Asker: 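Have a look at this one.
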Amino acid sequence: MIALVDGNNFYVSCERVFDPRLEGRPVGVLSNNDGCVVARSQELKALGVAMGAPLHLLPPGIRRQAVLLSSNYALYGDMSRRVNLVLAEFSPDVEFYSIDESFVGLEGFPEHELEAHCRRLRETVRRWTGIPVGVGVAPTRVLAKVANHLAKREPAFEGVCLLDADGPVTRRVLERWPVTELWGVARRSGERLALMGIDTAWQLREANPQWVRSRFSVVMERLVWELRGRASITLDDMDAPRQRILVSRSFGRLTGEFRDLQEAVRQHMGRAGEKLRRQGSLARAVQVFVRTNPFQTSEPQYRNAVVVALPGPSADNRVLLEAAGRGLAAIYRKGYRYQKCGVMLLDLVDSQCHQLSLLEGSGQAVERDRSQRLMATLDRLNRDMGRDTVRFGLPRKDNAWALRCQRRTPRYTTHWQELMRVRTG
DNA sequence: TCTGGGGTCCTAGGACCC
DNA sequence: TCTGGGGTCCTAGGACCC
């Protein structure tokens with residue numbers, strides 16, 4: 001059996017741990033740039049605010065009533081780490097899946113002790129971190145997801161729900177479960193399934209797997225098996241190095257100036273290089289992309305991307321920045337107001353396994369060594385002294401691309417000064 | 001004035017080869 | 001009027017997740 005442990009309204013719960021006044025009130029956490037609502041307390045959901053609702057489209061009444069906070073990822077990331085440390089006390093097999101959910105393997109636990117074990121887990125997480133979680137237990141991940149939803153939705157379960165593969169309860173649940181509420185079925189597949197008369201999870205479970213595969217894909221076929229209780233989805237090892245690294249941001253305000261894009265691309269590439277080195281990889285190519293605001297249909301639209309191959313695998317900011325600069329120059333067009341840009345590092349290889357070129361002379365080996373030491377120093381300074389202590393080129397004041405985030409709470413658990421600010425008011 | 005960011009996997013289709 | 005077959009590799013784009 002496998003348990004899915006998922007923080008209730010995770011970002012909101014993190015905020016509430018440090019500001020109990022938020023308890024019982026409609027609270028929302030906003031995306032970057034204070035753009036959309038990405039986490040909602042029960043009270044805010046009850047007011048009809050949808051996941052992803054744009055802030056500027058919320059009715060004024062709701063904006064007055066609700067507490068809407070900028071996102072504070074330093075806080076959420078740290079709280080997530082703490083929750084996972086508690087989970088590790090309850091099973092040797094914890095798979096971090098996302099910032100607010102983890103799968104916990106329960107292989108070998110006696111069936112009759114499972115529920116009590118999960119209740120203890122849930123209470124301990126609450127007591128040690130302050131975060132309320134729901135626990136769904138089932139033979140497969142897809143069923144564990146269903147169980148987890150039930151655990152949170154139906155008060156009778158008190159936060160812990162076990163589902164088997166074949167019992168009458170499971171059947172009744174799946175018969176009423178809209179297929180689009182399954183993990184892995186969203187709007188597009190939902191529409192196609194509906195055309196074929198499949199509306200509920202039970203109908204999908206009863207469909208012929210080969211037929212499903214031929215009409216959809218191997219992904220949907222796996223879903224059928226998972227619903228039948230045969231585990232068919234394995235997670236990627238979340239510790240494994242990423243296959244590509246993306247850094248992008250929307251701008252605080254639209255801009256047509258090349259200079260703004262240049263600064264933003266430089267900033268993003270600096271961050272991407274940091275991530276690249278942290279996971280011990282080298283990139284062989286970089287991509288740069290820009291776009292106007294697709295929602296402003298009255299404005300001229302433009303989006304473009306370009307891939308620039310690097311002379312050789314590299315993790316040196318100087319090389320990455322040079323390539324990104326060339327890429328940007330190639331796709332920038334005058335006369336548009338840009339809303340977003342970003343960079344992607346592609347074709348990553350492990351820096352240890354990277355085969356040295358047979359043609360490399362000793363001069364190049366020396367240069368590679370210098371580059372590695374320079375980057376290591378850069379990363380160390382930025383880690384120890386704070387982000388952006390050292391970087392390539394300084395952004396101008398009041399640049400158009402700087403993020404808006406006017407409602408961020410203090411980083412209670414990772415910055416002493418900000419914790420003091422709370423205590424002293 | 002204001003609509004997030006960072007990932008993965010899969011498939012179709014084109015280029016190319018013999 | 002007739003115009004092969006089979007394979008690989010790569011990329012773009014769709015779909016989905018949180």
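Chain identifiers are assigned alphabetically (A, B, ...) following the order of the sequence lines, protein sequences preceding nucleic acid strands; residue numbering begins at 1 within each chain. Fair warning: this is a prediction, and the values are worked out from it, not measured in the lab. Below, each value reflects all heavy atoms present in this structure, side chains not excepted, and no hydrogens, waters or symmetry copies.
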Asker: Can you measure A:Asp100 atom CG to B:dG6 atom P for me and round it to whole angstrom units?
Answerer: 17 Å

Asker: Could you work out which one of B:dC2, B:dG6, C:dC16 sits closest to the side chain of A:Leu246?
Answerer: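 Output: B:dG6.
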
Asker: For A:Pro178, does its backbone N or O pair with a side-chain atom of A:Thr180 as donor and acceptor, under 3.5 Å?
Answerer: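 Flag not set: sc A:Thr180 to bb A:Pro178 has no pair under 3.5 Å.
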
Asker: Using heavy atoms to find the nearest nucleotide of DNA chain B for A:Arg63 and A:Asn32 separately, return the residue whose nucleotide is more 5′.
Answerer: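 Final value for this comparison: A:Arg63.
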
Asker: Is the phosphate of B:dG5, meaning OP1 or OP2, less than 4.0 Å from a side-chain N or O of A:Lys340?
Answerer: yes

Asker: Nearest whole angstrom, please: distance from the P of C:dG13 to the CZ of A:Arg291.
Answerer: 15 Å

Asker: Would you mind reading off the distance between A:Leu30 atom CG and B:dG4 atom C1', rounded to a whole angstrom?
Answerer: 11 Å

Asker: For A:Arg242 and C:dC17, what is the distance between atoms CZ and P respectively, to the nearest whole Å?
Answerer: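 The distance from CZ of A:Arg242 to P of C:dC17 comes to 18 Å, rounded to the nearest Å.
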
Asker: Choose from B:dG6, B:dG4, C:dC18 the nucleotide whose nearest atom is closest to any side-chain atom of A:Tyr97.
Answerer: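 Ranking B:dG6, B:dG4, C:dC18 by closest atom to the A:Tyr97 side chain puts C:dC18 first.
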
Asker: Decide salt bridge (Lys or Arg N to Asp or Glu O under 4.0 Å) for A:Arg407 and A:Glu15; before the verdict, give the C-alpha distance in whole Å, the side-chain angles of both, and the deciding distance to 0.1 Å.
Answerer: CA-CA 12 Å; A:Arg407 312 147 185 261; A:Glu15 298 287 352; over 6 Å; no

Asker: What is the separation between atom CG on A:Leu58 and atom P on B:dC2, rounded to the nearest whole Å?
Answerer: 16 Å

Asker: Check every atom of B:dG4, C:dC18, B:dC9 against the side chain of A:Arg222 and return the nucleotide holding the closest atom.
Answerer: B:dC9

Asker: Between A:Ser217 and B:dC9, does any side-chain N or O lie under 4.0 Å from OP1 or OP2?
Answerer: no

Asker: Quick one: on DNA chain B, does A:Gly252 or A:Pro241 contact a more 5' nucleotide (nearest heavy atom)?
Answerer: A:Gly252

Asker: Round to a whole Å and report the spacing from CG of A:Leu223 to P of B:dC10.
Answerer: 14 Å

Asker: Report yes or no: do A:Lys45 and A:Asn9 form a side-chain donor-acceptor pair below 3.5 Å?
Answerer: yes

Asker: Would you indicate what A:Asn33 reaches in the nucleic acid, counting non-hydrogen atoms under 4.0 angstrom: base, sugar-phosphate, or nothing?
Answerer: nothing

Asker: With a 4.0 Å cut-off on heavy atoms, is A:Ile245 in touch with a base, just the backbone sugar-phosphate, or nothing at all?
Answerer: sugar-phosphate

Asker: A:Gln296 near the nucleic acid: base, sugar-phosphate alone, or nothing, with a heavy-atom cut-off under 4.0 Å?
Answerer: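 Since only primed, P, OP1 and OP2 atoms lie under 4.0 Å of A:Gln296, the category is sugar-phosphate.
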
Asker: Among B:dC10, B:dG4, B:dT8, find the nucleotide with the atom closest to the side chain of A:Gln243.
Answerer: B:dT8

Asker: Between B:dG5, B:dT11, B:dG4, spot the one nearest the side chain of A:Val218, thanks.
Answerer: B:dT11

Asker: Taking only side-chain N and O atoms of A:Ser189, does any of them lie within less than 4.0 angstrom of OP1 or OP2 on C:dC16?
Answerer: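 Yes.
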
Asker: Taking 4.0 Å as the cut-off, does a side-chain nitrogen or oxygen of A:Gln339 come that near to OP1 or OP2 on B:dC2?
Answerer: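 So the side chain of A:Gln339 is outside the cut-off, no N or O lying under 4.0 Å from OP1 or OP2 of B:dC2.
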
Asker: Does the structure show a Watson-Crick or G-U wobble partner for C:dC18, both distances under 3.5 Å? Name it, or say none.
Answerer: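 Its partner is B:dG5 (Watson-Crick or G-U wobble, both distances under 3.5 Å).
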
Asker: Distance from A:Ser91 atom OG to A:Phe103 atom CZ, nearest 0.5 Å?
Answerer: 13.5 Å

Asker: Check every atom of C:dC17, C:dC16, B:dT3 against the side chain of A:Phe295 and return the nucleotide holding the closest atom.
Answerer: B:dT3

Asker: On a whole-Å scale, what distance lies between the P atoms belonging to C:dC18 and B:dT3?
Answerer: 25 Å

Asker: What pairs meet the salt bridge (Lys or Arg N to Asp or Glu O under 4.0 Å) rule with one or both residues in residues 126-151 of chain A, with sequence neighbours excluded?
Answerer: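 Output for this query lists A:Glu95-A:Arg141, A:Glu101-A:Lys145.
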
Asker: Scan A:Ile99 against the nucleic acid and name what it touches under 4.0 Å (heavy atoms): base, sugar-phosphate only, or nothing.
Answerer: nothing

Asker: At under 4.0 Å, does any side-chain N or O of A:Asn293 touch on OP1 or OP2 of B:dT3?
Answerer: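 Result: yes.
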
Asker: Any side-chain heavy atom of A:Arg25 sitting closer than 4.5 Å to one from A:Glu43?
Answerer: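 No - every pair of side-chain heavy atoms lies 4.5 Å or more apart.
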
Asker: Under 3.5 Å for both donor-acceptor distances, Watson-Crick or wobble: does B:dC10 have a partner, and if so which one?
Answerer: C:dG13

Asker: Given atom OH of A:Tyr76 and atom P of B:dG4, what is their separation to the nearest angstrom?
Answerer: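 Spelled out: OH on A:Tyr76 to P on B:dG4 is 17 Å.
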
Asker: Between A:Arg249 and B:dG6, is there a contact of a side-chain N or O with OP1 or OP2 at under 4.0 Å?
Answerer: yes

Asker: How about A:Leu320 and A:Leu310: do any of their side-chain heavy atoms sit closer than 4.5 Å?
Answerer: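 Of all side-chain heavy-atom pairs linking A:Leu310 with A:Leu320, at least one is under 4.5 Å.
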
Asker: Mind calculating the distance between CZ (A:Arg192) and P (C:dC16) to the nearest angstrom?
Answerer: 9 Å

Asker: OP1 or OP2 of B:dG7 sitting under 4.0 Å from any side-chain N/O of A:Lys275?
Answerer: yes

